[in-house]
Amino acid sequence: MLKLGVNIDHVATIRQARYREVTDGEPDPVAAARDSEAAGCHSITVHLREDRRHIQDEDVRRLKRALDIPLNLEMANVSEMVSVASELLPEAVCIVPEKREELTTEGGLDVAQARSRLAETVSWLQALGIEVSLFIDPVPDQIDASAEIRAKAIELHTGAFAEAFKRDRRSDATDEALERLSDAARQGHGAGMKVNAGHGLNYRNVLRLRQVPHLTELNIGHSIVSRAVTVGMRRAVDEMLCLLDD
Ligand code: PXP
């Protein structure tokens with residue numbers, strides 16, 4: 001069965017809309033994470049952004065203490081975040097590109113271009129026992145470069161597929177985006193890397209994404225947190241798990 005990592009960033013987005021100055025505002029991302037864990041998800045993901053627009057440092061510390069399932073920390077490849085990861089030792093780190101003006105992570109890393117800086121971070125964090133994945137577009141050069149710098153895992157950016165699906169799920173563009181993801185997954189798996197995927201996945205498009213081979217884990221945030229507003233976190237996670245399970 002495909003594993004599910006629940007990204008709870010947007011629980012913190014709602015909290016930060018009202019409670020910037022205090023540490024016990026609602027809703028609490030740690031409570032959402034524990035409900036997700038109780039529903040049976042396989043890991044919890046948070047993105048500690050440099051501008052701290054949603055998840056705060058203290059959230060990551062509390063999650064690390066509260067969870068029995070792995071914590072996956074998404075972060076930019078900057079020294080401040082490498083220090084945070086080295087101190088908190090999450091089970092997994094996903095390195096993502098980060099632009100302050102973007103609403104969400106808009107594209108994958110350019111591993112080929114930032115090869116030496118990424119290689120240093122990957123080997124440092126992996127030596128600490130952290131599983132490091134690189135968030136990349138499903139492009140052959142990026143997969144080659146990820147394997148060359150010895151990343152143990154990649155996370156394929158599913159945003160182009162999600163956009164095409166949103167416009168027209170039966171279009172050639174949707175089929176082509178799925179083909180690119182399938183080719184990328186085969187290439188990454190063939191190179192010995194674990195292949196995860198995420199971004200823009202929801203209760204509708206995930207059924208098509210399941211046909212991509214060799215995927216280990218999907219990281220899904222916005223759609224689960226949105227559904228949780230009406231049905232609660234446990235049921236929202238449970239419903240997604242049912243879709244991932246045959
Ligand atoms: N994976 C990565 C690397 C991301 O940056 C994000 C967005 O923060 C997600 C998965 C989850 O995307 P979404 O919120 O659209 O499900």
Side-chain angles (χ1 to χ4, degrees), residues 2-14 16 29 32-33 36 41-55 59-60 63 70-78 81 85 90 92-111 118 131-138 142 146 151 153-166 177 181 184-185 188 193-209 212 215-229 233 236-237 239-241 243-244:
L2 262 171
K3 290 184 176 174
L4 174 64
V6 177
N7 179 316
I8 52 166
D9 290 348
H10 295 308
V11 177
T13 301
I14 299 172
Q16 296 305 103
S36 304
C41 79
H42 304 90
S43 64
I44 295 293
T45 297
V46 285
H47 185 174
L48 186 65
R49 296 188 74 106
E50 289 179 84
D51 63 9
R52 306 300 197 271
R53 70 174 68 158
H54 39 50
I55 292 291
D59 293 326
V60 187
L63 284 165
L71 177 64
N72 175 32
L73 178 66
E74 284 180 16
M75 53 171 242
N77 185 27
V78 294
M81 293 303 157
V93 156
C94 179
I95 303 180
V96 300
E98 199 174 300
K99 291 191 229 108
R100 275 174 195 258
E101 63 278 14
E102 70 191 357
L103 277 178
T104 177
T105 316
E106 279 163 9
L109 285 169
D110 192 344
V111 184
L118 279 169
E131 179 183 284
V132 181
S133 66
L134 303 176
F135 187 48
I136 56 172
D137 291 321
Q142 299 299 340
S146 302
I154 50 177
E155 179 170 329
L156 297 175
H157 197 311
T158 51
F161 158 70
E163 279 304 310
F165 185 97
K166 191 161 62 181
L181 286 165
M193 293 182 290
K194 179 174 170 186
V195 184
N196 300 325
H199 201 92
L201 299 178
N202 60 36
Y203 295 85
R204 288 184 292 270
N205 63 26
V206 81
L207 291 170
R208 289 287 299 283
L209 190 88
V212 174
L215 293 178
T216 299
E217 185 160 303
L218 302 183
N219 284 309
I220 308 182
H222 185 273
S223 67
I224 291 178
V225 173
S226 303
R227 177 112 183 99
V229 172
M233 202 68 194
V237 171
E239 287 176 1
M240 186 59 81
L241 283 167
L243 295 178
L244 300 189

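Atoms within a ligand are numbered from 1 in the order they appear, just like the ligands themselves.
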Original post:
Between His47 and ligand 1, which residue portion shows a heavy-atom distance shorter than 4.0 Å: side chain, backbone, both, or neither?
Top reply: neither
Ligand-residue contact atoms, ligand 1 with [X], heavy atoms, under 4.0 Å:
X	result
His222	13 (P), 14 (O), 16 (O)
Asn7	8 (O)
Ile220	16 (O)
Val96	3 (C)
Asn219	10 (C), 11 (C)

Using a 4.5 Å cut-off on heavy atoms from C-beta on, say whether the side chain of [Y] contacts that of [X].
X	Y	answer
Asp110	Pro97	no
Val93	Met75	yes
Val78	Glu50	yes

**OP:** To the nearest 0.5 Å, tell me how far Leu134 CG sits from Met193 CE.
**Re:** 8.0 Å
**OP:** Check whether any heavy atom of Glu74 sits under 4.0 Å from an atom of ligand 1.
**Re:** yes
**OP:** Measure the distances from the heavy atoms of Ser223 to every atom of ligand 1 and state whether one is below 4.0 angstrom.
**Re:** no
So is [X] polar-close to ligand 1, meaning N/O to N/O under 3.5 Å?
X	result
Gly221	yes
Gly200	yes
Glu155	yes

Subject >> Sidechain N-carboxylate O distance under 4.0 Å for Arg49, Glu74 >> reply: no
**OP:** Inspect the surroundings of CZ in Arg204 and state if more than 12 heavy atoms from other residues, nucleotides or ligands are less than 6.0 Å away.
**Re:** no
**OP:** Determine yes or no for a side-chain-to-main-chain donor-acceptor pair under 3.5 angstrom, with Tyr203 supplying the side chain and Glu239 the backbone.
**Re:** no
**OP:** Give a yes or no answer on whether the side chain of Asn7 reaches the backbone of Val46 with a donor-acceptor pair at less than 3.5 Å.
**Re:** no
